[in-house]
Amino acid sequence: MGLLLKKGGNASSNTPAELNDSGDGRRNNATAMRRDYSGGLIVVSGISSLFGSKGGNFRSQFRLLCIASNSFTTTHTFSPLLRQCIDERWFPGIKTIQAQMLKSGFPIQLSGSKLVDAGLKCGEIGYARKVFDEMRERHIVTWNSLIAYFIKHRRSKEAVEVYRLMITSNVSPDEYTLSSVFKAFSDLGLEKEAQRSHGLAVVLGLEVSNVFVGSALVDMYVKFGKTREAKLVLDRVEEKDVVLITALVVGYSQKGEDAEAVKAFRSMLVEGVQPNEYTYASVLISCGNLKDISYGKLIHGLMIKSGFDSALGSQTSLLTMYLRCCLVDDSLCIFKCIEYPNEVTWTSLVSGLVLNGREEMALTEFRKMMCDSVKPNSFTLSSALRGCSNLAMFEEGRQIHGIVLKYGLDRDKYAGSGLIDLYGKCGCSDMARSVFDTLSEVDVISLNTMIYSYAQNGFGHEALELFERMMNLGLQANDVTVLSVLLACNNSGLVDEGCEFFESFRKGKVVLTNDHYACMVDMLGRAGRLDEAEMLINEVVNPDLVLWRTLLSACKIHRNVEMAERLKRKILEIAPGDEGTLILMSNLYASTGKWNRVIEMKSDMRGMKLKKSPAMSWVEVDRETHTFMAGDLFSHPNSEQILETLEELIKKAKDLGYAEDKSCVFQDMEESAKERSLHQHSEKLAIAFAVWRNVGGSIRILKNLRVCVDCHSWIKIVSRVIKREIICRDSKRFHHFRDGSCSCRDYW
DNA sequence: GTAGGGTTAG
């Protein structure tokens, strides 16, 4: 095309600067123009023949036309040119035409609609808006196009502004306007204004007659959380289609009304509307939530039959469904069949595996994803982090923290909460706090996570301070907040404060569950206020096993055999042969020296084929997790070194005043055997291993049961012997052992 | 000429 211009010689001085665009015309030539349009064609073909060009692309023709700009005399001349420029998304050409129009004295209104359309299609919103504002009168399509552009680009505020301008300009919205503007209302939470516009849709009869308007309304009410309203709208729409019904299925599914989602899906089949991949994607999630694997499989079948099983979105939902139904193997089968999993698919896999307690596998898959160069998002990272925090994999978690930083997601609330959770569950409240302090947005969830981290680590005052901040920010506490606050009081021995909070929570908006009561029962029980704790349970409408068992374990702590036996009868009525209860009773009898009763309990348990789950501890060394079981002295390849180190540690501890606490042995045996059994507790083995391997920094132990009194006092002294912090996460809370004392202040 | 629905999370 440059050649042609050169041929034109001095004519290039007539060419506006914009024409120096080097973009290629994608299609079209003079012939096509001749066929399509009538106005400019004479001029174009005239010039073509003048230069003897055989076709050539549109842009070169256009340049020639501009050279002969005196031919721009009527709107007919440039109208087809403009259309061509729009088709080609060629913005410089559009601006040239506008300039020519102005030069020829045409008012902009004449082609305003087209120019706005052109600006929007070329993504030149500033230009489009300027032309729009200069127009005295606008066609409804122009209004709609501008609104639609803003919606499409998630600029809801501007969309609503234009819509309001439309109303104040006395232009009546039509089905196109309404079907897009509702999305902006839900996005901005403008419920009142949305209702007014809904009213307008009703008056115009569009709610019933136009399925686009109906779907937009359904979607909007769903996003406002008003599924009931959404359903009412749907019922009124005359001709229901797949999008309309899917919008409702999605709505129910996202609001956790899973049974309703499945019901809406069924109604779709009954009405003979064919579901598509969007529908399947949502209804499968609800099946997963309901753990309704039979209906899930039925839908899987339907998908295969209708060929929608190959779309990535629906495959991801299938994967999620199988994982939520705990069918790990089936889900792995699905995953294997997916050719190009995207980050959502991978995230679904990682989070689902964590959900099923398959953390190791989850992290392996996460690493595979990284090897495949699929970029993780904040969802992926928070799932992987949860895997680490479940197993207290500190080093692994720190590696993922590195990835979080690499992708600049450290200020993101999802990834951030994952990190807070990780550090909290690894006993590093200060690291959790520094992550929390860098978050760009503090919300209820990140606050809850931080409060919970403090709570489980026994930093009650810090937790309560944050709770106060939450209140000052005007954020609404939820059930997790309440639990975290109560736990904070519980783990820090702040019993009076805990009771006060509980009273105020009772009057608050959050519906208290058995978990909240269990926390209070534990708090009162451990403080020895057993009667108060029992009274509290009696206030609960449906007291469950956990509540009674919590009180029973308080009886064990305070060796209240009489109350314990009464509770035991009560519990065994609700749950005959409850394992936890029998173990607690057996331990209580043991600690009070009632060995005959212990033997009775043990034979009861044997009769019911119940076995105590073994005490286990884990410790991570060089990113490898080592498992230790109480009494198992030989499985570990380094048993010899471990026992040697352990012996040394026990000796040094004894020098500093450690003595075995034999009340922790729940078996009737010789005194020396009791001592031996204490020495073989899993946390002692794990610590000895970590000491032998000379772990740098703090030693972190994870334990499946509660730390016993003997181990607790031993670890305290060992922390002084080795001059190292030992952090132990047991089944209930954290213990930070440092220089001879523990963060729990011996209250746990 | 302009319009409506999804899958991963603490």
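In what follows, chains are A, B, ... by sequence order, proteins preceding strands, each numbered from 1. None of these values were measured; they are calculated from a predicted model.
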Q: Could you tell me whether N377(A) contacts a base, only the sugar-phosphate backbone, or nothing, with contacts defined as non-hydrogen atoms closer than 4.0 Å?
A: base
Q: Among dG4(B), dT2(B), dG6(B), find the nucleotide with the atom closest to the side chain of S145(A).
A: dT2(B)
Q: Find the distance M321(A):CE to dT8(B):P and express it as a whole number of Å.
A: 13 Å
Q: Y278(A) OH to dG6(B) C1': how many Å, rounded?
A: 7 Å
Q: Whole Å only: how far is the CG atom of L146(A) from the C1' atom of dG1(B)?
A: 14 Å
Q: Of the nucleotides dA3(B), dT2(B), dG4(B), which has the atom closest to the E175(A) side chain?
A: dA3(B)
Q: Measure from OH on Y322(A) to P on dT8(B) and round the result to the nearest Å.
A: 17 Å
Q: The side chain of I285(A) lies closest to which of these nucleotides: dT7(B), dT2(B), dG1(B)?
A: dT7(B)
Q: So for S180(A) and dA3(B), does any side-chain atom that can act as donor or acceptor lie under 3.5 Å from a complementary atom in the base?
A: no
Q: Within the 4.0 Å heavy-atom criterion, would you say V242(A) contacts the bases, only the backbone, or no part of the nucleic acid?
A: base
Q: Contact class for V211(A) vs. all strands (heavy atom < 4.0 Å): base, sugar-phosphate, or nothing?
A: base
Q: Name the closest nucleotide to the A281(A) side chain, picking from dG6(B), dT8(B), dG4(B).
A: dG6(B)
Q: Show me the donor-acceptor pairs within less than 3.5 Å that the side chains of residues 241-249 of chain A make with the rest of the protein, sequence neighbours left out.
A:
{"unit_1": "D241(A)", "atom_1": "OD1", "unit_2": "V243(A)", "atom_2": "N", "d": "3.3"}
{"unit_1": "D241(A)", "atom_1": "OD1", "unit_2": "L244(A)", "atom_2": "N", "d": "3.0"}
{"unit_1": "T246(A)", "atom_1": "OG1", "unit_2": "V242(A)", "atom_2": "O", "d": "2.5"}
{"unit_1": "T246(A)", "atom_1": "OG1", "unit_2": "T279(A)", "atom_2": "OG1", "d": "2.9"}

Q: Taking only the side-chain heavy atoms of A148(A) (C-beta and beyond), determine which of dT7(B), dT8(B), dT2(B) contains the nearest atom.
A: dT2(B)
Q: Out of dA3(B), dG6(B), dG1(B), which nucleotide sits closest to the side chain of S282(A)?
A: dG6(B)
Q: Please determine, for the side chain of L244(A), which listed nucleotide (dA3(B), dT2(B), dG4(B)) has the closest atom?
A: dG4(B)
Q: Counting only heavy atoms from other residues, nucleotides and ligands, does the tally under 6.0 Å from CD of E239(A) exceed 12?
A: no
Q: Verify the neighbour count for atom NZ of K291(A): are there more than 12 heavy atoms of other residues, nucleotides or ligands below 6.0 Å?
A: yes
Q: In this structure, how many angstroms lie between the P atom of dG4(B) and the CD atom of E207(A), rounded?
A: 18 Å
Q: Rounded to the nearest angstrom, tell me the gap between atom OH in Y149(A) and atom P in dG1(B).
A: 21 Å
Q: Identify whether the distance between the nearest side-chain nitrogen and carboxylate oxygen of E134(A) and K130(A) falls below 4.0 Å.
A: yes
Q: Please work out if T449(A) contacts a base, only the sugar-phosphate, or nothing of the nucleic acid, heavy-atom cut-off 4.0 Å.
A: nothing
Q: Between R324(A) and dT8(B), is there a contact of a side-chain N or O with OP1 or OP2 at under 4.0 Å?
A: yes
Q: At under 4.0 Å between heavy atoms, what does N342(A) touch on the DNA or RNA strands: base, sugar-phosphate, or nothing?
A: nothing
Q: Give one of base, sugar-phosphate or nothing for D117(A), where a contact means two heavy atoms less than 4.0 Å apart.
A: nothing
Q: How is D443(A) classified with respect to the nucleic acid when contacts are heavy atoms under 4.0 Å: base, sugar-phosphate, or nothing?
A: base
Q: Could you check whether R266(A) makes a cation-pi contact with Y295(A), meaning its NZ or CZ is under 6.0 Å from the centre of the six-membered ring and within 45° of the ring axis?
A: yes
Q: Just to be sure I understand the rule, does S314(A) reach a base, reach only the sugar-phosphate, or reach nothing, if contact means heavy atoms closer than 4.0 Å?
A: base
Q: Of all of residues 334-341 of chain A, which get a heavy atom below 4.0 angstrom from DNA chain B, listed by number?
A: none
Q: Which residues satisfy the ring pair (Phe, Tyr, Trp, His ring centres under 6.0 Å) test with F436(A), sequence neighbours excluded?
A: none
Q: Is it true that the side chains of D437(A) and S434(A) contain a donor and an acceptor less than 3.5 Å apart?
A: no
Q: If I compare all heavy atoms of F308(A) with all of E277(A), which pair ends up nearest, and what's the gap?
A: CD2-N, 3.6 Å
Q: Quick check for you: among dT2(B), dG6(B), dT8(B), whose closest atom lies nearest to any side-chain atom of S348(A)?
A: dT8(B)
Q: What do you reckon, do F212(A) and the base of dA3(B) stack, with centroid distance below 5.5 Å and planes below 30°?
A: yes
Q: Contact class for V250(A) (heavy atom, under 4.0 Å): base, sugar-phosphate, or nothing?
A: sugar-phosphate
Q: When the distance from OH of Y176(A) to P of dG1(B) is rounded to whole Å, what number comes out?
A: 10 Å
Q: When the distance from CG of L178(A) to C1' of dT2(B) is rounded to whole Å, what number comes out?
A: 13 Å
Q: Output the single nucleotide from dA3(B), dG1(B), dG4(B) whose closest atom is nearest the side chain of N210(A).
A: dA3(B)
Q: Of all the nucleotides listed (dT8(B), dA3(B), dG6(B)), which has the minimum atom distance to the side chain of Q254(A)?
A: dG6(B)
Q: Report yes or no: is there a donor-acceptor pair, N or O only, under 3.5 Å between the side chain of N276(A) and the base of dG6(B)?
A: no
Q: With a 3.5 Å distance limit and no angle check, can you tell me whether N210(A) reaches the backbone of L206(A) through a side-chain donor-acceptor pair?
A: no
Q: Please work out if L319(A) contacts a base, only the sugar-phosphate, or nothing of the nucleic acid, heavy-atom cut-off 4.0 Å.
A: nothing
Q: Please confirm whether the backbone N or O of V374(A) pairs with a side-chain atom of D372(A), one donor and one acceptor, at under 3.5 Å?
A: no
Q: Scan Q315(A) against the nucleic acid and name what it touches under 4.0 Å (heavy atoms): base, sugar-phosphate only, or nothing.
A: nothing
